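Below is one structure, written out as structure tokens; the observations come after it.
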Amino acid sequence: MPKSRIRKKADYTPPPSKQVANIKLSSRGWVAPVMLALFLIGLAWIVVFYVTDGSMPIDSLGNWNIVVGFGFIAAGFGVSTQWK
């Protein structure tokens, strides 16, 4: 049986270095703080309404204070769509 040829192994060549892509982040640094602020304001509005038995934050709104609190929370979700 004939002996197989010995293949010469190529020398190791490292892969080409990847250039760091400059990712320019748009100026959306305001999104996260505003989103969290709206969430917390809405939550605090609802908690204050329940803790004070409806006399605060705005007495004349009555149970609509819950809607205002959820409105702040919904606005926070709306702002969160701008986050990248």
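All of these numbers come straight from a predicted model, not from anything done at the bench. Because only heavy atoms are used, hydrogens play no part in the values below, and waters and symmetry mates are left out as well, while side chains stay in.
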Fill in: ring-ring contact (aromatic ring centres under 6.0 Å, His included) pairs, two or more places apart, involving residues 51-76
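Sorted pair list: Trp45-Phe72.
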Practice prompt. Taking all heavy atoms of Arg28 and all of Gln82, pick out the closest pair and write down the distance.
Written response: NH1-O, 2.8 Å
Discussion item. According to a hydrophobic-cluster definition based on side-chain heavy atoms being under 4.5 Å apart (Ile, Leu, Val, Met, Phe, Trp, Tyr only), do Phe77 and Met35 belong together?
Written reply: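 Yes; Met35 is reachable from Phe77 via cluster members.
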Worksheet item: Going only through I, L, V, M, F, W and Y residues with side-chain contacts under 4.5 Å, is there a path from Leu61 to Met56?
Response: no
Worksheet entry | Test item: Pro57 and Asn65 side chains (from C-beta on) under 4.5 Å apart, heavy atoms | yes
Distance-only donor-acceptor hits, side chain of residues 36-43, under 3.5 Å, sequence neighbours excluded:
none

Worksheet entry | Check against side-chain contact (heavy atoms from CB on, under 4.5 Å), Val68 and Phe49 | CA-CA 11 Å; Val68 171; Phe49 174 71; over 6 Å; no
Worksheet item: What side-chain hydrogen bond (donor to acceptor under 3.5 Å, both in side chains) pairs are there with at least one residue in residues 68-77, not counting sequence neighbours?
Response: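 Those involving residues 68-77 do not exist here.
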